[in-house]
Amino acid sequence: MHKEHMSVRTMEDYSALKKKGSALWREQFHGLGSMYCRGATAVILIYDVNHPQSLLELEDRFLGLTDTASTDCLFAIVGNKVDLVEEPAAEDQQKDGRGPGVAGRGGGAPKAPKQVQPEDAVALYRKILKYKMLDEKDVPAAEQMCFETSAKTGHNVDLLFETLFDLVVPVISRQRAQGPPQTVDIATYKTPGQTPSGCCA
């Protein structure tokens, strides 16, 4: 292939193409998102603790998608990538009762101060409750449903899923007791009678 026929010629072209492709992908996903939330008992919304824009996008792009979730759906707000955040100073850790951090780990990516604070996630959780017209006293506390995790190291990932599991099981049990199942059991499903070929009724 000749260079003059390539659509990506410079890093600026590549960056522009990547940005455009990312925006197109997001639009396509956004159209499918409500299908994934339909009837959901729990929704996990994840943002990057190092990029405030990711939390804003959760609100802008995904709040409306929760309309198709069940009325008693649980929401978890999860800040990920805490492994890339620098640890607080030793005196801050001692005040918190955590003690000094492990020195000399090295080998990892450079760490930066956290850009999104837990209070920001709690504020989003409360916006979701307001949007869904849920009373804070009828749902788990914001502090219980906002997590900071690291998918890379596994920090708090088990806690997230254990907490959701403990809260979701009673909700599912209550839903099953209140009404007909939302799924079809194919083992007991009986097909309607066949119509003669070529006939619609």
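This one's a predicted model, so the numbers in the text were calculated from it and none came from an experiment.
- A continuous path of hydrophobic side-chain contacts links Leu159 to Leu45 [ILVMFWY only; heavy atoms under 4.5 Å].
- Interatomic distance, CG of Asp60 versus CG of Leu55, reported as 10.0 Å (0.5 Å rounding).
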| query | So Val139 and Leu74, side-chain contact (heavy atoms from CB on, under 4.5 Å) or not? Walk me through it. | reply | CA-CA 8 Å; Val139 296; Leu74 299 169; 5.8 Å; no
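- By the 4.5 Å heavy-atom criterion applied to side chains, Thr149 and Lys81 are not counted as neighbours.
- Side-chain N or O atoms of Ser54 include one that pairs as donor or acceptor with a backbone N or O of Asp48 at under 3.5 Å.
- Under a hydrophobic-cluster definition in which Ile, Leu, Val, Met, Phe, Trp and Tyr are linked whenever side-chain heavy atoms come within less than 4.5 Å, directly or via other members, Tyr47 and Leu56 are assigned to different clusters.
- Residues Val171 and Thr41 share a closest heavy-atom pair of CG1-CG2, 3.5 Å.
- Atom-to-atom distance recorded for Arg126:CZ and Leu134:CG is 13.5 Å, nearest 0.5 angstrom.
- For the pair Ser150 and Val157, the tightest heavy-atom approach, listed with the atom from each and the gap, is O-CG2, 3.7 Å.
- By the 4.5 Å heavy-atom criterion applied to side chains, Asn50 and Val85 are counted as neighbours.
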| query | How far apart are the C-alpha atoms of Phe161 and Val168, what are their side-chain angles, what is the distance that settles it, and do they pass the side-chain contact (heavy atoms from CB on, under 4.5 Å) test? | reply | CA-CA 10 Å; Phe161 285 102; Val168 165; over 6 Å; no
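- Put simply, the side chain of Asn80 gets close to the backbone of Ala151: a donor and an acceptor are under 3.5 Å apart.
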Which side-chain N or O atoms in residues 114-125 pair as donor and acceptor under 3.5 Å with protein atoms at least two apart or in another chain?
| unit_1 | atom_1 | unit_2 | atom_2 | d |
| --- | --- | --- | --- | --- |
| Lys114 | NZ | Glu148 | OE1 | 2.9 |
| Lys114 | NZ | Glu148 | OE2 | 3.0 |
| Gln115 | NE2 | Pro113 | O | 3.2 |
| Gln117 | NE2 | Lys114 | O | 3.3 |
| Asp120 | OD2 | Gln117 | N | 3.0 |
| Tyr125 | OH | Pro140 | O | 2.8 |

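- Counted by atom type alone, Asp83 and Thr153 present zero donor-acceptor pairs between their side chains at under 3.5 Å.
- Of the listed residues (Leu164, Asp158, Leu160), just one forms a side chain to side chain contact (heavy atoms under 4.5 Å, CB included) with Glu162, and that residue is Asp158.
- The NE2 atom of His51 lies 8.5 Å from the CG atom of Leu84; values are rounded to the nearest 0.5 Å.
- Scanning both residues, Ser70 and Ala40, for their nearest heavy atoms gives OG-O, 2.8 Å.
- Taking the side chain as every heavy atom from C-beta outward, Ile128 and Ile77 approach each other to under 4.5 Å.
- Transitive grouping of hydrophobic side chains (ILVMFWY, heavy atoms separated by less than 4.5 Å) keeps Val169 and Phe75 in distinct clusters.
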| request: Under the side-chain contact (heavy atoms from CB on, under 4.5 Å) rule, what do Met145 and Leu167 come out as? Steps first, then yes or no, please. | output: CA-CA 10 Å; Met145 299 307 293; Leu167 294 169; 3.5 Å; yes
